[in-house]
Amino acid sequence: MASFLSRLFGGLTGKVPEDTATPRRGEAVDYEGFKICAAPDKADNQWRLAGIIIKPGEGEDGDLERTFIRADLFSSREEAETYAVRKGQQIIDEQGERLFADGAPTGHA
């Protein structure tokens, strides 16, 4: 209850609790010409599988990025990061260049 109230009133005062801040990116992993960054999202006492697939230097302003979020939850950030990299590899294997066909700088996978 206190957590809920702090999120509610923190938003009114401009303060953003650490656990709701933008997910921190993990170390980039090279795979098939792309980069995969795990970015697990804190969900209560667990971590939701999430990450970013990057195509380096292809956009007008630099890299193109596609984010992915899945329903899978893990008890540790490290475990969520491991599975996020695997999921990123799977997405690349299935979709490859089609992920970035629209040329938009950001989007969802």
Side-chain angles (χ1 to χ4, degrees):
M1 181 70 169
S3 175
F4 170 75
L5 292 175
S6 66
R7 285 195 310 258
L8 177 65
F9 292 114
L12 295 174
T13 61
K15 295 180 183 176
V16 178
E18 286 183 37
D19 63 348
T20 61
T22 303
R24 185 183 84 223
R25 289 184 182 192
E27 193 73 29
V29 175
D30 292 323
Y31 184 74
E32 301 290 329
F34 301 97
K35 293 187 181 294
I36 303 166
C37 293
D41 190 23
K42 185 79 168 161
D44 295 323
N45 292 326
Q46 296 180 316
W47 292 90
R48 184 171 316 282
L49 188 150
I52 300 124
I53 299 171
I54 302 167
K55 185 173 183 181
E58 292 291 325
E60 290 179 15
D61 297 325
D63 300 342
L64 301 178
E65 296 184 354
R66 298 297 179 264
T67 58
F68 59 92
I69 300 171
R70 299 297 185 261
D72 306 288
L73 295 172
F74 300 92
S75 59
S76 72
R77 179 179 175 85
E78 293 76 24
E79 188 177 18
E81 286 178 347
T82 298
Y83 281 93
V85 171
R86 287 184 191 169
K87 178 52 81 173
Q89 291 171 338
Q90 180 183 9
I91 292 169
I92 291 168
D93 289 343
E94 291 173 356
Q95 297 184 34
E97 293 290 331
R98 289 179 296 166
L99 276 170
F100 302 95
D102 64 0
T106 60
H108 298 285

What's the separation between atom [atom1] in [X] and atom [atom2] in [Y], rounded to the nearest 0.5 Å?
X: Q95; Y: Q90; atom1: CD; atom2: CD; answer: 10.0 Å
X: R24; Y: D41; atom1: CZ; atom2: CG; answer: 12.5 Å
X: E78; Y: T82; atom1: CD; atom2: OG1; answer: 8.0 Å

Given side chains that start at C-beta, do those of [X] and [Y] come closer than 4.5 Å, heavy atoms only?
X: K55; Y: E97; value: yes
X: I92; Y: I36; value: yes
X: F68; Y: I91; value: yes
X: I53; Y: F100; value: yes

Practice task
Report yes or no: do Y31 and Y83 belong to one cluster of Ile/Leu/Val/Met/Phe/Trp/Tyr joined by side chain heavy-atom distances under 4.5 Å?
Solution key: yes
Handout entry: Common cluster, L99/F34, ILVMFWY with side-chain heavy-atom separation under 4.5 Å
Key = yes
Problem - Within 6.0 angstrom of N45 CG, more than 12 heavy atoms from elsewhere - result: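 Check fails, neighbour count at 12 or below.
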Handout entry: Atom CZ of F74: over 12 foreign heavy atoms under 6.0 Å
Key =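 Counting neighbours around CZ of F74, more than 12 heavy atoms of other residues, nucleotides or ligands fall under 6.0 Å, so yes.
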Minimum heavy-atom distance between [X] and [Y], given as atom pair plus value:
X: L64; Y: A104; value: CD2-O, 3.5 Å
X: P40; Y: R77; value: O-NH1, 3.6 Å
X: A43; Y: R48; value: CB-NH2, 3.9 Å
X: I54; Y: C37; value: CD1-SG, 3.9 Å
X: I52; Y: A39; value: CD1-CB, 3.8 Å
X: E79; Y: S76; value: N-OG, 3.1 Å

Practice task
Output yes when a side-chain donor or acceptor of D30 lies under 3.5 Å from a complementary backbone atom of K35, and no otherwise.
Solution key: no
